[in-house]
**Q** 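Following this message is one structure expressed as C-alpha cells.
Naming convention: chains lettered A, B, ... in sequence-line order (proteins, then strands); numbering from 1 in each chain.
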Amino acid sequence: MCVGLPARVVNIKDGMALVDASGARRQVSAELIDELDPGDYVMVHAGVAIAKITADDEEETDALLGEL
Amino acid sequence: MAEGNKVSAREIIENYRGPKLRIMEVCGTHTHEIFRLGIRNILPENIELISGPGCPVCVTPVGFIDEAVYLAQKCGCTITTFGDLIRVPGTEKSLAGARSEGAKVQPVYTPTDAVQYAEEHPDEQVVFLAVGFETTTPSACLAVRMAKDKGIKNFSLLTANKTMTNAYRALKGSADAFLYPGHVNAVTGADSCAQLVDEGIYGVVCGFTAREILTALAVTIRGLEKGEPFFRNCYPRVVTDEGSISGKKIMEEFMEPCDSEWRGLGVIPQSGLRLRSEFAEYDARVKYKLPEMKGKPNPACRCGEVLQGKCTPADCKVFGKGCTPLHPVGACMVSNEGTCAAWYAYRRENINE
Amino acid sequence: MSKTVTLAHGAGGKQTSELIHEVFESHFKNPLFTADDAAILEIEPGKLAMSTDGFIVSPYEFPGGNVGKLSICGTVNDLSCMGAEPLYLTCAFVIEEGFPMDKLEEIAAAMEKTAAEAGVRIVAGDTKVAGKGQVDGVFITTTGIGRIRDGVRTGGALAKPGDAVIVTGDVGRHGCTILLARNEYGIEADVDSDCAPLWGTVSSVLDASDDIHVIRDATRGGVGTVLYEIAEQSNVGVRIEAEAVPVDDAVKGVCGMLGLEPLYLACEGRLVIIAPREEADGIVEVLRKGKYSGNAAIIGEITEDMPGKVVMTTEIGAETLLPQPGGELLPRIC
C-alpha cells in the first residue's frame, strides 16, 4: 500500500530534506524523524521521509535467519 | 542466500511440508512485489498467500469516488490526487471519465504539492483526495498545516484515511498469520502489532526487498509450525518499537478516529480518520456541504470477498471478462497493487473470453 | 519577421511565403527541396520502405532534443527497422497561433542537423497554423521513403525459438525525461532523452550479420510493449532476465519514487534486435562500438513455450510474467 524508496539525505533546511535516490532528487518533509543528518538514509513515501534506515537488508535478514 | 550450513529462507519456504498455512500479505506493495519477483511460483502447495486489504485505492468505497466526481463536476473543483485513484470506477463514472468530460483532475506526488498548486492557482478551488493508511496520512496533515500557515483558503481535503489495527481484528479469521505492512509500522511502530498477540492475532512486520519478503515468510512459517503465539519485527532497520512519534502526534493533532467504510468489507468501527472540527474549513465535505453518497458497486463484483481471502479473483464471474485493467469494474482491478490487477497481469493461462 | 507565428502565416499569402522562406527553406535547402506541388525523385530499382508518423510532445523541447529532432528520428528509425536506408522525408507542420518564431527556428535547425546525420533529405513540406488552443505548440508529421538493403528481410513475425533478444541500450530514458520535463512531480534528475537517428546503428548490425530476424524501435510503451508485439506477431514466447535489462541509475531512482516500470517507458533511440543466438555476441560487440549503442546487451531469448507471452526470470531466480502494458501511465504512490 505504501511504496517506499530508500534515499540519501543531501541537506536539511526548515523541516525539509533534499533526498537523492540513485540520482533522482526531490524535496521531502523531514518532520516525522526527530534526528536527521545529511548522509543518513531514509525511507521516503509520498513526499515524506517516514523513517531512518539503520542497516541494509542483508545484515538484517542474516540476523533473523540466524535465530531460526 | 545460503551461506555455510545456515539454512536459507528460500529453503525453509520451499521445503515446508506441514499442514496447510494461510498467510495474508496485508499490504498492496507486498502483493505487487510478491508477483513481480515470482514468489508465488516457488511456494509449495500447502502455503497459501492471501492478498489483503492494504491497497488504499482498493478499499476506498464507490461513494468516495462519487463524492470526488460531484466536487469536480457540480462544484467545479480541481481534484488533486495520487495517480492510482484516477481510474477507480464510481457508481456512474471514474475521475478519468469526469476528466474526459472537462473536469480538472491533476495527479500529484504528495499532498503538499496540491497546496502549492492551490497557491499558484488562486482562482481554482482545489481538493486533495486524502486516501491511505498511517504511512500516508501524516502527509495529508502536513498539507493542511501548510495551507493554514500560509493562509491558503482555496484548499481542502476529501478524507478517506484509514487505520489498520481494527482491520486486523476484523480479518482475524481470514488467515493464520499476517505479513504486516512495514511502512505502516514505520509510523505506528512494531508495538502496535505486537500487542495483538494477546488477542490471538499473529504475524511479522515485513520489509519490501526480495530478501526481506522471503525471510519474513520463513519466520512466519517457523512461527506457525511451533504453534505458539508469535510476533516478530522482521524489518527493524526501518521499523522501531514505537514508530514515528512526530508522525503519530501530527495525526492526533489534525485528525480524529471515525467509523469507516472499506470497499467490500463494509463499515469497520473506528478504522478511519477525519479532520477534527477545528479544521472544518479544510474539510471538503463541510466546505461544499456534500450530500451523503452511498454509491452502488457493480453487484457482480466480488472484490470484497477477494479482499477477505474468501475467494480468488478467478472465482469472480467478471474477472478478465467484463473487468480488466483497461476497463475495471472493481477497485481491485484498478491499482497495480490490487489483487485482481496482479492476478490479471501475471496470469499464466489465457482467460476464456 | 514577427516574433510569433500568427494566423496570417497560415493564410497562404505573403506571410506564408515569408515563413517558409526564412524558417524552413533556409534549413531544409537542398537541390531536391521543391518549390512546386510535389518533389520529383529518382529512385534506383529495388524494394522501397515507406512510413509516416505524427509527433506531439509536451513540452516540445526537453533535455536531449525537441519535437523537430524527434520527428526526424521517429521516421528514420521506422524505415531503418525494416532494413531500409532512409532517403527522403516530407514534413507537415501544424503550428499554434502565437508560437514563438525563434523556437520554430530551433526546431527547424534540429531537423536539419538530424536529417544530415541520418543522411536523409527533406524534399517537401507543408505548414498550417491553427488558432490558439486548437493545438498544443507544434505538431509535426513526417513521411519517409527508404531503400531496403538487398537481401534483408526483417519483421515482427520472424522471431524464432532459440533466437537471442538484444536491446541496443538502457531503457526508458525518453519517457523519464519527458515526465521530468513536465515538472509535475517536483523530481529532478540528470536524465537526457535517448532520441537519436539509428540508421548508422542498423547498418552496422546488418554489416555484422546477414541473419537478423527482427529490428524494432521501442517507442511508446517501451521495450515491454515491443516484446509483447513480437511475441504475438511471431507466435512465440519471450523470456528475459530482469537483471540483464540495462537501466540508467537515475531512471531507476525516478521510477522508484513514482512506482513506474522502466520497461514500459518510451525510448526514442533504442532498438530491440532479434537474431540467432550464435550471431548475438558478434552483434553486441559491434553495437558496443557504436555511437548510440554503447551499453547494448543480450536480455533474453525467444522460446517455443508460452506463445504470445513475455516471461521474466526475476532477481531471485523465479519466473513470472511481465505484465502486459496498457492504459495510461499513472504514478503509483500509495
Side-chain angles (χ1 to χ4, degrees), chain A, chain C residues 62-64 169-194 222 242-243 245-267 295 314-318 323 327-334:
Chain A
M1 68 186 87
C2 308
V3 173
L5 183 71
R8 188 174 49 83
V9 176
V10 178
N11 60 49
I12 305 164
K13 204 183 152 200
D14 302 332
M16 296 296 285
L18 176 67
V19 298
D20 181 303
S22 66
R25 295 173 299 277
R26 150 107 215 183
Q27 292 284 345
V28 302
S29 169
E31 291 197 46
L32 264 50
I33 305 172
D34 293 332
E35 277 175 44
L36 200 58
D37 296 303
D40 285 345
Y41 279 79
V42 289
M43 192 56 76
V44 175
H45 166 76
V48 178
I50 56 168
K52 207 190 283 195
I53 302 174
T54 53
D56 69 24
D57 65 333
E58 189 166 354
E59 268 174 64
E60 179 184 86
T61 50
D62 280 353
L64 284 159
L65 289 168
E67 293 170 19
L68 292 182
Chain C
F62 45 83
D170 61 302
V171 307
R173 282 244 303 270
H174 180 75
C176 184
T177 304
I178 297 301
L179 199 75
L180 294 173
R182 287 184 185 154
N183 205 18
E184 284 173 349
Y185 300 112
I187 298 168
E188 283 175 22
D190 298 322
V191 183
D192 286 349
S193 170
D194 54 357
E243 291 187 307
V245 179
V247 185
D248 177 78
D249 276 345
V251 172
K252 259 186 217 165
V254 172
C255 285
M257 275 190 195
L258 296 177
L260 298 172
E261 167 55 66
L263 277 170
Y264 305 142
L265 289 182
C267 312
N295 50 5
T314 72
E315 59 182 269
I316 64 164
E328 185 183 357
L329 216 56
L330 289 169
R332 183 170 63 91
I333 292 160
C334 63

**Q** Holding to salt bridge (charged side-chain N to carboxylate O under 4.0 Å, His left out), I want the full list of residues that pass it with C:E315, two or more places apart in sequence or in another chain.
**A**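 In terms of salt bridge (charged side-chain N to carboxylate O under 4.0 Å, His left out), with neighbours along the sequence ignored, C:E315 is linked to B:R36.
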**Q** If contact means a heavy atom pair closer than 4.5 Å, which residues of residues 50-57 of chain A contact chain C?
**A**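 From residues 50-57 of chain A, none sit under 4.5 Å of chain C.
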**Q** Using modelled atom types and a 3.5 Å cut-off, is there a donor and acceptor pairing between side-chain atoms of C:R173 and backbone atoms of C:D192?
**A** yes
**Q** Got a sec, which residues hit side-chain hydrogen bond (donor to acceptor under 3.5 Å, both in side chains) with C:E243, two or more places apart in sequence or on another chain?
**A** none
**Q** Below 4.5 Å, heavy-atom pairs only: which of A:G47, A:S22, A:A7, A:A21 has the largest tally toward chain C?
**A**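 Result: the option with the highest number of such pairs is A:S22.
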**Q** Can you sort out the partners of A:S29 under side-chain hydrogen bond (donor to acceptor under 3.5 Å, both in side chains), two or more places apart, ordered by chain and number?
**A**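 Testing A:S29 for side-chain hydrogen bond (donor to acceptor under 3.5 Å, both in side chains), a comparison that skips the adjacent residues, returns none.
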**Q** Can you tell if the side chain of C:L179 reaches within under 4.5 Å of the side chain of C:L260, non-hydrogen atoms only?
**A**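 Yes, side chains in contact.
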**Q** Could you measure the distance from the SG atom of C:C176 to the NZ atom of C:K252? Nearest 0.5 Å is fine.
**A**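 Interatomic distance, C:C176 SG to C:K252 NZ, rounded to 0.5 Å: 12.5 Å.
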